[in-house]
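First comes the structure, then the notes that go with it.
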Amino acid sequence: MATFELYRRSTIGMCLTETLDEMVSSGTLSPELAIQVLVQFDKSMTEALENQVKSKVTVKGHLHTYRFCDNVWTFILTDAQFKNEEITEQVSKVKIVACDSKLLSQ
């Protein structure tokens with residue numbers, strides 16, 4: 001199964017990467033094992049989002065910038081509103097990165 005590495009830029013992904021870097025620097029973990037952990041993280045995030053997340057969100061906002069490169073869409077919205085069945089959340093600026101999930105099965 002192929003995966004995207006974009007979840008490494010999330011808060012939890014950055015914390016994991018920093019922790020692994022510290023462990024490699026201190027000699028607690030080998031660089032090879034740290035890479036295996038990151039690859040497993042990518043697979044686990046992809047699987048969890050695909051199989052366990054069932055909620056839907058509506059997004060409205062002003063499109064500031066958009067880009068399509070290497071089959072990846074990037075949108076930057078200002079004054080965005082996220083709305084699901086329970087709550088509505090307003091944010092001043094958000095970056096959305098979207099990848100075609102069909103590319104994972106190739």
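Side chains included, hydrogens not; waters and symmetry mates left out as well; all remaining heavy atoms used. What you see is a predicted model; the values in this text were computed from it and never measured.
- When the side chains of ILVMFWY residues are joined at heavy-atom separations under 4.5 Å, either directly or via intervening members, Ile87 and Val91 end up in two distinct hydrophobic clusters.
- Separating the CG atom in Leu38 from the OH atom in Tyr7 is a distance of 15.0 Å, to the nearest 0.5 Å.
- With hydrophobic clusters built from ILVMFWY side chains whose heavy atoms lie under 4.5 angstrom apart, Leu49 does not share a cluster with Val94.
- Between the CG atom in Asp21 and the OG atom in Ser26 there is a gap of 10.5 Å [rounded to 0.5 Å].
- Cluster membership check: Val97 does not share its hydrophobic cluster with Val59, using side-chain heavy-atom separations under 4.5 Å among Ile, Leu, Val, Met, Phe, Trp and Tyr.
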Quiz item: Checking side-chain contact (heavy atoms from CB on, under 4.5 Å) for the pair Val37/Leu16: CA distance, chi angles, key distance, verdict?
Solution: CA-CA 9 Å; Val37 170; Leu16 175 63; 4.2 Å; yes
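- Shortest non-hydrogen contact noted between Ala34 and Val24 is CB-CG2, 3.7 Å.
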Exercise. Could you walk me through whether Lys93 and Ile76 pass side-chain contact (heavy atoms from CB on, under 4.5 Å), step by step?
Key: CA-CA 7 Å; Lys93 190 173 184 179; Ile76 297 178; 3.7 Å; yes
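- Scanning all heavy atoms of the two residues, the minimum distance from Gln90 to Asp79 falls at NE2-O, 3.6 Å.
- In this structure, OG1 on Thr65 lies 11.5 Å from CZ on Phe75, to the nearest 0.5 angstrom.
- When the side chains of ILVMFWY residues are joined at heavy-atom separations under 4.5 Å, either directly or via intervening members, Met14 and Ile96 end up in two distinct hydrophobic clusters.
- With rounding to the nearest 0.5 angstrom, the CG atom of Leu77 is 6.5 Å from the CZ atom of Phe82.
- Note: Asp42 CG to Arg8 CZ = 4.0 Å, rounded to the nearest 0.5 Å.
- In this structure, the separation between NE2 on His62 and CD on Gln81 is 10.5 Å, given to the nearest 0.5 Å.
- The environment of CG in Leu33 is crowded: more than 12 heavy-atom neighbours from other residues, nucleotides or ligands sit within 6.0 Å.
- Side chain of Asn84 to main chain of Glu86: a donor-acceptor pair is present (N/O by atom type, distance under 3.5 Å, no hydrogens or angles).
- When all heavy atoms of Phe41 and Gly13 are compared, the pair lying nearest together is CZ-CA, 3.7 Å.
- A donor and an acceptor atom, one from each side chain of Gln40 and Ser44, are located under 3.5 Å apart.
- Atom CD of Glu85 has more than 12 heavy atoms from other residues, nucleotides or ligands within 6.0 Å.
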